K.L.:
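Got a structure here, written out as structure tokens. Questions coming.
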Amino acid sequence: MHMGLRRIPSGLQRAAIFAVRFISPAALAASAVLIITALALFVPPFVGMADNGDYYRILYGNGLYFSQPDYDSRYFGYFVREYGIFQYFNEHQTLLYSSQSLLIRLALAVNKLVYSTTVFDIRIQAALLTLMYTAAVYLLVEGITCRMSRARGYAAALLVVFVLADTGYTAYFNSFFGESIVLVMMVTLMASWLLFYRKRYNDYVLLALFAVSALLLITVKQQNAPVGVVLAVAGVSLLLMRRDRLFRFLAGGILALLFAAGIVTYVWIPKDFVHINQYHAMTRGVLQTTDNPEKALESFGMNKQYALLKGTIYYAPYSTVDVDGSHMGENFYNKYGFVSIAAYYAAHPGELGALLNAAARNAFTIRPPAMGSFEKSAGRDFGAQTRFFSAYSLLKQAAAPRTFGFIVIWMVLVAGLYMPGFVQAVRVRDMRHIQKLALVVAGMGIGLSGIVVSIIGAGDADLAKHEFLFTLGFDLVSVLFVADLVGKELGYQQMPDQPSSARKPAAVLPPIANKGVNA
């Protein structure tokens, strides 16, 4: 007699069937991000980011110090993994009020418990961030795919891995740059809001997650202060999502808190840092873009001789003036601020356009080209950067149009394609569905604030790093948009009480069975 038509599945077939049945797209994406990030950050040669001179702002106040005798020679070129821990009295005051300090203090406590009480290994911090990031990616992909078919869900999950597992992003975990917190909290914020729209988990739990991630995002660095305003405005849609008074009361209180956090974060900028940004806002901004620096200075009521500072930087070892002197304070820094510079650009749109285009040329760079990725002991060239799982960041930097006009077109196109679904949801009074467009607009607004604050607050100084918030917002909104195209979910879809496909077993592969031999 002949063998039956069904044969015993091979090991590969069994693995595939198991994966389709029991591993969700969210679990697949989170696992892949965890593995890829672990290989990059914790397997030699370790990948991280070199110090550009900013670490001291956050390091000393949190009980750490530079312990490498040749540390200064490694600026920009080499990633440093180990730092000293103050043992007795730390005379250094906190230079920067930031939510990043919470992470460093937690990592320091874990380091003392499992590694050393005298040496801090930055990989402890990276491990904590990797775990939080993995959870954030899981929630994001769950929000994107929970109502998709498995095939479309896996496609969306792979897209998320391709973008968010890129070492251009995750290398920040092995650094003391605040961008590491920005990355994790921004993904968590977008995930919680998307899960509101999906009605996936308990709304009160998601509201708490939304609040915590938003607060940490706003307060991680002073540049993020406008994020509080953006979220407070776009988040008004959350008040319409449910009718019960408790939820509206809590949501309204959280939005007010986020707005206040943005104001406080801006007010608490240390004076020294204000002067650094102010100096660059004028020398690398107003004076850099105008054809008549003397006339521009006169519009601020300043001496025309300061035109000699055009294009200079605050940290220059040799300067025509003492940038910290009392003369500069009285006759330079006191003459202008963020508001007056914004007013100047409003009156000179051509110069604003030139600066916006300069910003756009750096807006799609995830990893600043100035900082190296490897330790000195790895034997790589000074400033060498890793290419491990960097296809997306390299492609984006090489292929993305570098004009502000493209950014405007992208925003109009994406928001416009979501608009019909939003209008239909308003017509049928489905206030949960309008969260999708609110989320997209918030992501765009947060990203755009990163550009505007950078150029008005500090000119074109270090734009590749200052615009991290934009490039992350662009990627998250674009991933959501492409995933919705793949899942055919751009338009209005009434949400059922339970996900329709999240728990369905796959029907495209045969069941695991051993039919034996027909006699």
Side-chain angles (χ1 to χ4, degrees), residues 30-31 33-51 54-68 71 74 78-139 164-165 167 169-189 191 208-209 211-213 215-217 219-221 373-375 377:
S31 300
V33 168
L34 176 61
I35 292 171
I36 294 168
T37 304
L39 290 174
L41 305 187
F42 308 117
V43 176
F46 307 115
V47 171
M49 293 190 70
D51 184 3
D54 286 348
Y55 283 10
Y56 80 94
R57 300 180 181 183
I58 198 72
L59 212 63
Y60 286 103
N62 287 295
L64 301 175
Y65 64 92
F66 304 111
S67 58
Q68 301 290 337
Y71 190 89
R74 304 188 188 192
Y78 294 112
F79 152 57
V80 176
R81 181 163 46 92
E82 294 184 336
Y83 299 82
I85 301 174
F86 282 112
Q87 297 299 299
Y88 302 105
F89 176 72
N90 181 7
E91 71 275 14
H92 299 278
Q93 296 181 346
T94 299
L95 296 178
L96 191 66
Y97 296 101
S98 169
S99 58
Q100 185 185 1
S101 294
L102 299 175
L103 170 69
I104 295 176
R105 296 295 178 100
L106 175 60
L108 183 57
V110 175
N111 186 95
K112 290 180 178 180
L113 185 64
V114 302
Y115 183 67
S116 172
T117 58
T118 59
V119 177
F120 177 76
D121 191 322
I122 201 171
R123 291 176 300 171
I124 301 293
Q125 172 191 279
L128 296 175
L129 285 166
T130 299
L131 292 176
M132 289 189 289
Y133 192 51
T134 301
V137 169
Y138 177 88
L139 293 175
L164 295 185
T167 52
Y169 280 128
T170 58
Y172 278 102
F173 295 168
N174 263 337
S175 79
F176 287 111
F177 293 123
E179 280 74 11
S180 60
I181 305 293
V182 172
L183 173 60
V184 176
M185 292 304 119
M186 185 72 169
V187 174
T188 306
L189 173 70
L209 187 63
V212 172
S213 58
L215 277 173
L216 294 176
L217 174 63
T219 57
V220 68
K221 55 194 308 183
S373 302
F374 300 103
E375 294 180 279
S377 60

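Because the structure is predicted, anything quoted here is derived from the model rather than measured. Side chains included, hydrogens not; waters and symmetry mates left out as well; all remaining heavy atoms used.
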K.L.:
What's the shortest heavy-atom distance between Ala165 and Ile36, and which atoms?
P.N.:
O-CG2, 3.9 Å
K.L.:
What distance do Leu108 atom CG and Ser101 atom OG have between them, rounded to the nearest 0.5 Å?
P.N.:
11.5 Å
K.L.:
Using the side chain to side chain contact (heavy atoms under 4.5 Å, CB included) rule, take Leu113 and Val110 through it: C-alpha gap first, then chi angles, then the decisive distance, then the call.
P.N.:
CA-CA 5 Å; Leu113 185 64; Val110 175; 5.5 Å; no
K.L.:
Could you check whether the rings of Tyr65 and Phe86 sit parallel, tilted or perpendicular, using 30° and 60° as the cut-offs?
P.N.:
tilted
K.L.:
Rounded to the nearest 0.5 Å, what separates atom CD1 in Ile122 from atom CG in Leu129?
P.N.:
9.5 Å
K.L.:
First locate atom CE of Met185, then atom CE of Met132, and finally report the distance between them rounded to the nearest 0.5 Å.
P.N.:
5.0 Å
K.L.:
Give the minimum heavy-atom separation between Ala126 and Leu41, together with the two atoms involved.
P.N.:
CB-CD1, 4.2 Å
K.L.:
Please name the pair of heavy atoms, one in Thr37 and one in Phe173, separated by the smallest distance, quoted to 0.1 Å.
P.N.:
CG2-CD1, 4.3 Å
K.L.:
Work out which heavy atom in Asp121 is nearest to a heavy atom in Arg123; give both atom names and the distance.
P.N.:
OD2-NH2, 2.6 Å
K.L.:
Check whether any side-chain heavy atom of Ile85 sits under 4.5 Å from a side-chain heavy atom of Gln87, and report yes or no.
P.N.:
yes
K.L.:
Tell me whether Arg74 is salt-bridged to Glu375, with the criterion being a basic N under 4.0 Å from an acidic carboxylate O.
P.N.:
no
K.L.:
Could you go through the side chain to side chain contact (heavy atoms under 4.5 Å, CB included) check for Gln100 and Lys221 one step at a time?
P.N.:
CA-CA 8 Å; Gln100 185 185 1; Lys221 55 194 308 183; over 6 Å; no
K.L.:
Taking all non-hydrogen atoms of both residues into account, name the closest pair between Ser175 and Gln125 and its distance.
P.N.:
O-NE2, 2.7 Å
K.L.:
Output the distance between atom CD1 (Ile58) and atom CG (Leu103), rounded to the nearest 0.5 Å.
P.N.:
9.5 Å
K.L.:
For residues Arg105 and Asn62, is any side-chain donor paired with an opposing acceptor at under 3.5 Å?
P.N.:
yes
K.L.:
Find out whether Leu59 and Phe176 are in side-chain contact, i.e. whether some heavy atom of one side chain is under 4.5 Å from a heavy atom of the other.
P.N.:
yes
K.L.:
Report the C-alpha separation of Leu39 and Ile35 in whole Å, then their side-chain angles, then the decisive distance to 0.1 Å, and conclude whether the side chain to side chain contact (heavy atoms under 4.5 Å, CB included) test is met.
P.N.:
CA-CA 6 Å; Leu39 290 174; Ile35 292 171; 4.1 Å; yes
K.L.:
State, with a plain yes or no, whether a side-chain heavy atom of Leu217 is found less than 4.5 Å away from one of Val182.
P.N.:
yes
K.L.:
Is any side-chain heavy atom of Leu209 closer than 4.5 Å to a side-chain heavy atom of Thr188?
P.N.:
yes
K.L.:
Quick check on ring pair (Phe, Tyr, Trp, His ring centres under 6.0 Å): which of Tyr60, Phe177, Phe79, Phe66 does Tyr55 satisfy it with?
P.N.:
Phe177
K.L.:
For the side chain of Asn111 and the backbone of Val114, is there at least one donor-acceptor N/O pair under 3.5 Å apart?
P.N.:
no
K.L.:
How far does CZ of Arg81 sit from CD of Gln68, to the nearest 0.5 angstrom?
P.N.:
9.0 Å
K.L.:
Looking only at heavy atoms, which two atoms of Ser98 and Val220 are closest? And how far apart?
P.N.:
OG-O, 2.5 Å
K.L.:
Passes ring-ring contact (aromatic ring centres under 6.0 Å, His included), Tyr169 versus Tyr133? Steps please.
P.N.:
CA-CA 11 Å; Tyr169 280 128; Tyr133 192 51; 7.9 Å; no
K.L.:
Nearest 0.5 angstrom please: Ser116 OG to Ile124 CD1, how far?
P.N.:
10.0 Å
K.L.:
Any heavy-atom pair between the side chains of Leu215 and Val212 that's under 4.5 Å?
P.N.:
no
